[in-house]
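Naming convention: chains lettered A, B, ... in sequence-line order (proteins, then strands); numbering from 1 in each chain.
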Protein chains: 2
Amino acid sequence: MTDRRPALRRDAERNRTRIVCAARELFAERGLGVGFNEVAHRAGVGVGTVYRRFADKPELVRAALEEPLDALVEVAARADEAARAWDGLELLLVRITDLLVDNLGLRDAALGGGAWELAAPATERIAEVMERLLARAHDEGDLRAGAGGEDVVMLLWLVTTLAEHAAEVRPALHRRYLQVLLDGLRSGPGRAALPEPLGPADVDAISRRWAAS
Amino acid sequence: MTDRRPALRRDAERNRTRIVCAARELFAERGLGVGFNEVAHRAGVGVGTVYRRFADKPELVRAALEEPLDALVEVAARADEAARAWDGLELLLVRITDLLVDNLGLRDAALGGGAWELAAPATERIAEVMERLLARAHDEGDLRAGAGGEDVVMLLWLVTTLAEHAAEVRPALHRRYLQVLLDGLRSGPGRAALPEPLGPADVDAISRRWAAS
DNA sequence: GGGGAAGCGGATCGACGCAATCCACTTCGG
DNA sequence: CCGAAGTGGATTGCGTCGATCCGCTTCCCC
C-alpha cells in the first residue's frame with residue numbers, strides 16, 4: 001500500500017497526487033488507452049511532470065488501479081455466501097460488471113490477458129472463486145452443460161463493450177444484456193449443448209486482440 | 001444493377017473491376033474503416049486510379065456492398081415460412097449474423113445508423129419482417145416480455161463484435177453466444193422483466209457511437 | 001532571506017497513418 | 001500513328017501520440 005518512494009518536495013507530492021487522480025478518472029472513463037498528454041492536461045500540469053514521476057505507462061496504471069483492483073477481489077471474496085451457487089454467481093457477475101463498467105481501465109487490466117500483468121494476482125483469485133461457484137452451480141443443475149469459466153470472460157467482454165458505447169445514452173443498459181446472457185447460460189428444458197467450446201488459450205488470444213482494439 | 005456509367009476504355013474498366021473486388025474483400029475482412037491507399041494496393045493499382053473512379057468513400061462502398069445488401073434482404077424475405085415464429089426468428093438471426101460476420105463492412109453499413117445511409121432501404125425492409133416475426137413470437141408466447149426489435153440490433157452488435165475479435169482464433173465462435181443470447185430472450189419460467197427498456201432513438205445513438213469506434 | 005537543488009511547463013521533435021492532389025509518363029484505340 | 005484517356009505513386013497537409021529538453025520558478029534549509 002505505502003510503497004517506498006523517495007521523499008518529494010511538498011509541491012511535487014501535491015502534483016503527483018493530482019496526476020494519479022486525473023489518471024484514475026480518465027482511465028475509468030475511457031480505458032487504458034488514454035495518453036500522458038491528456039492525463040497531464042486534466043491534472044493541470046505539464047507533460048514533463050508526468051514523465052518525471054512515472055517512467056512508463058504501467059507505472060502510472062499501477063498507481064491508478066491499486067484501489068479498484070482491491071475492490072474487485074473483495075467483491076469476489078464475499079461471493080460464497082449464497083445458499084445456491086447460481087444465485088451467488090449472478091450476484092457476483094452483477095457486481096463485477098458494475099465495477100468494470102464504472103472503470104473501463106480496470107476492465108482493460110482485468111480482462112486484457114498478459115498485456116497488463118499487474119492484474120494477474122487479482123484475476124487469479126477471482127477465477128478461483130468463480131470456478132468453485134461454477135462447479136457448484138453445475139452440480140446443483142443450474143448451469144447449462146458446456147458452459148464454463150471461459151464463457152464468463154467472454155460475457156464480461158461483451159457486456160462491458162456494450163456499456164462502453166451506451167454509457168452516454170443509457171448508463172445502466174449493460175444490466176439488461178447481462179441478464180439476458182445469464183438467463184441464456186442457465187440450464188433449462190430444450191437447451192441444446194453449446195457449439196464451439198472454448199479453451200483457456202483461446203480466451204487469452206481473443207482477450208488480447210479485444211484489448212488491443 | 002447496371003448503373004449508367006460513361007463508357008471506359010478497356011484497361012480502365014478492368015482496373016475498376018479490380019478495385020471493386022479489392023474493396024469488397026477488404027471491407028469484408030476489416031469493415032468500412034479501410035482506407036483508399038490499402039484498397040489501391042490490394043487491387044495492384046495506384047491510389048490516383050482509385051480516386052479517379054470513386055470520388056468519395058460512399059461511392060466505393062456502394063459499389064462494393066450492392067450484392068451483399070441484396071443477399072441480406074433476400075434472406076429476410078424467406079423468413080416467414082416457419083410455422084412457429086420463434087423458429088423463423090432463430091433461423092433468420094443465425095443467417096443474418098453469418099452474413100454480417102463474414103462481411104464486417106456490411107455490418108457497419110447495416111447497423112451503423114445514419115452514417116451509411118445507402119443501407120437504409122435494406123434495413124427498413126428487414127426491420128419490417130423482423131417486427132412481424134417478433135409480434136407473432138410474442139403472441140405465441142415464445143418471446144420474453146419486454147424484448148423487441150431494439151434488442152435485436154444490440155444483439156447483432158454484440159455478436160458481430162465478438163466475431164471480429166475471435167475471427168482468427170475461432171471463426172465460428174459467434175454462434176455460441178448468439179445461441180446464449182437467443183435462449184436468454186426466449187420466454188420461460190421465472191424470467192423477470194428486462195430492465196432499462198430501449199427506444200429506437202437510443203438504439204440509433206448507440207449504433208452511431210459503436211460504428212465510430 | 002539567500003542560494004542551490006528540485007521541480008516545472010509546454011514548445012518541440014520524430015514517427016506514424018490517412019486523405020487528397022498532381023503531373024510526367026504510358027497505353028489504348030480510331 | 002497520334003491524341004485522348006488513363007496511370008502510378010511521390011508528395012503535401014493534417015492530426016495524433018510518445019517522448020525529450022531546457023529556460024524559468026518554487027521550495028526549503030542553512
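Atom CD of Glu38(A) is separated from atom P of dG9(C) by 17 Å (rounded to the nearest Å). The separation between Arg18(B) atom CZ and dT7(D) atom P is 10 Å, rounded to whole Å. Atom CZ in Phe36(A) sits roughly 16 Å away from atom C1' in dT16(D) (whole-Å rounding). In this structure, Leu26(B) atom CG and dC18(C) atom C1' are separated by 15 Å, rounded to whole Å.
Residue pairs meeting the ring pair (Phe, Tyr, Trp, His ring centres under 6.0 Å) criterion with at least one member in residues 23-52 of chain B, sequence neighbours excluded: Phe36(B)-Tyr51(B).
If you check residues 46-62 of chain A against DNA chain C, the residues with a heavy atom closer than 4.0 Å are Gly46(A), Val47(A), Gly48(A), Thr49(A), Arg52(A), Arg53(A), listed by number.
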N/O donor to acceptor pairs below 3.5 angstrom from side-chain atoms of residues 155-162 of chain B, sequence neighbours left out:
{"from": "Trp157(B)", "atom 1": "NE1", "to": "Ser207(B)", "atom 2": "OG", "distance (Å)": "3.0"}
{"from": "Thr160(B)", "atom 1": "OG1", "to": "Arg107(B)", "atom 2": "NH1", "distance (Å)": "3.0"}
{"from": "Thr160(B)", "atom 1": "OG1", "to": "Leu156(B)", "atom 2": "O", "distance (Å)": "2.7"}
{"from": "Thr160(B)", "atom 1": "OG1", "to": "Trp157(B)", "atom 2": "O", "distance (Å)": "3.2"}
{"from": "Thr161(B)", "atom 1": "OG1", "to": "Trp157(B)", "atom 2": "O", "distance (Å)": "2.7"}
{"from": "Thr161(B)", "atom 1": "OG1", "to": "Trp210(B)", "atom 2": "NE1", "distance (Å)": "3.3"}

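Of the options Leu92(A), Leu93(A), Val152(A), a side-chain contact (heavy atoms from CB on, under 4.5 Å) to Leu133(A) is made by Leu92(A) and by none of the others.
Taking the charged nitrogens against the carboxylate oxygens, Asp183(A) and Arg186(B) have no contact shorter than 4.0 Å, which rules out a salt bridge.
Here the side chains of Val34(A) and Glu29(A) are not in contact, with every heavy-atom distance at 4.5 Å or above.
In this structure, Asn15(B) has no side-chain hydrogen bond (donor to acceptor under 3.5 Å, both in side chains) partners at least two apart in sequence or on a different chain. Listed by chain and number, the residues in a side chain to side chain contact (heavy atoms under 4.5 Å, CB included) with Asp87(A) are Ala82(A), Arg84(A) (sequence neighbours excluded).
The shortest distance between the side-chain N/O atoms of Asn37(A) and the OP1/OP2 oxygens of dT16(D) is not below 4.0 Å. Distances shorter than 4.0 Å separate none of the side-chain N or O atoms of Asn15(B) from OP1 or OP2 on dG6(D).
Atom CZ of Arg125(A) has 12 or fewer heavy atoms from other residues, nucleotides or ligands within 6.0 Å.
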Which nucleotides of nucleotides 25-30 of chain D have their base under 4.0 Å from a protein heavy atom (B), which only their sugar-phosphate (S), and which neither (-), written as one string 5' to 3'?
-BSS--
